[in-house]
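Worksheet: one structure, shown below.
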Amino acid sequence: MSKPRYDWWPYVKGMIRRYPELCARQEELRRTKMSPNLTGMPGAHGQISDPVADAALRELPEINRREMEAVRQAIEETRALPNGEERLEMVKLVFWKRTHTLDGAAIKCHVSYVTARRWHGEFIKNVARGFGLL
C-alpha cells in the first residue's frame, strides 16, 4: 500500500533541521555590541549611538521567526506528553545532531521502529500545524 506524501513534508523537515541554527542566529542578533567608537568622531559612519536599542531592533526575517516559533511550539507540546523527553531525544538524534537514522534512534531510545516512526510523524505534523500548513 502506498503512503501518500504531502508537498510540505520536506519543507517542515527542513524547518526542524534549521531550528538550532535559527536560535543561534537570533541570539547573535540580540547580543548587544559594546565596541567603542574608535574613530574619535561623533556620529561616525555605521556607528550606533545606543547599542541596546540597536540589539532590540535587529531581528530575524519574518519567515524564519515563524519557522522557529512553529518548532518551539511543537517542542513545548511534545515535552508536555508523558513520554515527551524520549520523543525529544529521538528528534535531537535524527534532526539536530544527525547522528542516527530513525531506526538507530529507535534503538537508542529503547522503542520499536514503529513507535519511533509514529513519534517522528507526529512531531512533523505538530510543526506543520504550528506553521499553518495543517
Side-chain angles (χ1 to χ4, degrees):
M1 198 162 136
S2 67
K3 292 192 274 185
R5 286 281 186 194
Y6 300 107
D7 291 336
W8 48 260
W9 194 268
Y11 176 64
V12 173
K13 287 173 70 173
M15 268 194 263
I16 298 167
R17 285 187 187 106
R18 285 189 298 274
Y19 177 73
E21 175 193 335
L22 289 176
C23 287
R25 280 179 47 201
Q26 182 179 19
E27 184 62 33
E28 179 63 31
L29 288 174
R30 299 275 178 176
R31 208 169 291 142
T32 307
K33 294 181 182 176
M34 296 304 279
S35 60
N37 182 353
L38 299 177
T39 63
M41 300 296 295
H45 298 290
Q47 295 294 326
I48 304 297
S49 61
D50 187 2
V52 176
D54 177 51
L57 293 174
R58 287 179 282 158
E59 290 188 6
L60 288 174
E62 175 68 23
I63 190 72
N64 291 352
R65 282 190 289 125
R66 286 186 56 219
E67 288 177 358
M68 193 172 67
E69 187 55 39
V71 177
R72 183 177 292 140
Q73 180 182 354
I75 289 170
E76 293 307 316
E77 289 175 9
T78 303
R79 188 169 280 133
L81 296 173
N83 53 4
E85 292 305 319
E86 291 88 4
R87 289 176 181 232
L88 289 176
E89 180 64 24
M90 186 265 315
V91 169
K92 186 188 311 178
L93 293 172
V94 173
F95 287 113
W96 298 327
K97 290 184 176 179
R98 296 183 191 184
T99 57
H100 292 70
T101 62
L102 194 54
D103 196 25
I107 293 169
K108 177 98 173 173
C109 295
H110 307 291
V111 296
S112 70
Y113 173 74
V114 175
T115 301
R117 189 176 65 196
R118 181 172 43 85
W119 289 356
H120 182 260
E122 288 173 3
F123 189 79
I124 292 172
K125 288 177 184 175
N126 281 343
V127 173
R129 196 172 299 113
F131 192 70
L133 296 172
L134 274 180

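Just so you know, these numbers use all the heavy atoms, side chains as well, and skip hydrogens, waters and symmetry mates. When a residue number appears, it is its place in the shown sequence, counting from 1.
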NZ/NE/NH1/NH2 to OD/OE distance under 4.0 Å, Arg25 and Glu28: no
Name all residues meeting the ring pair (Phe, Tyr, Trp, His ring centres under 6.0 Å) criterion together with Trp8; count only those two or more places apart in sequence or in a different chain, and write none if there are none. Tyr6
Can you name the closest pair of heavy atoms from Ala105 and Met90 and give their distance? CB-CG, 3.9 Å
Roughly how far, to the nearest 0.5 Å, is NZ of Lys92 from NZ of Lys108? 10.5 Å
Min side-chain heavy-atom separation Met15-Arg66 under 4.5 Å: no
Which atom names give the shortest non-hydrogen contact between Trp9 and Gly121, and what distance separates them? CH2-CA, 3.9 Å
Indicate every side-chain donor-acceptor pair of residues 123-132 with a distance under 3.5 Å to a residue at least two apart or in another chain.
from	atom 1	to	atom 2	distance (Å)
Asn126	OD1	Arg129	NH1	2.8

Under the side-chain contact (heavy atoms from CB on, under 4.5 Å) rule, what do Val12 and Leu133 come out as? Steps first, then yes or no, please. CA-CA 9 Å; Val12 173; Leu133 296 172; 3.6 Å; yes
Do NZ/NE/NH1/NH2 and the carboxylate oxygens of Glu69 and Arg65 come within less than 4.0 Å? no
With a 4.5 Å heavy-atom cut-off, do Tyr19 and Met68 have their side chains touching? yes
Do Arg17 and Arg98 have side chains that get closer than 4.5 Å, going by heavy atoms? yes
For Ile16 against Pro20, the heavy-atom pair lying closest together: O-CD, 3.9 Å
Tell me every residue that passes ring pair (Phe, Tyr, Trp, His ring centres under 6.0 Å) with His120, counting only those two or more places apart in sequence or in another chain. Phe95
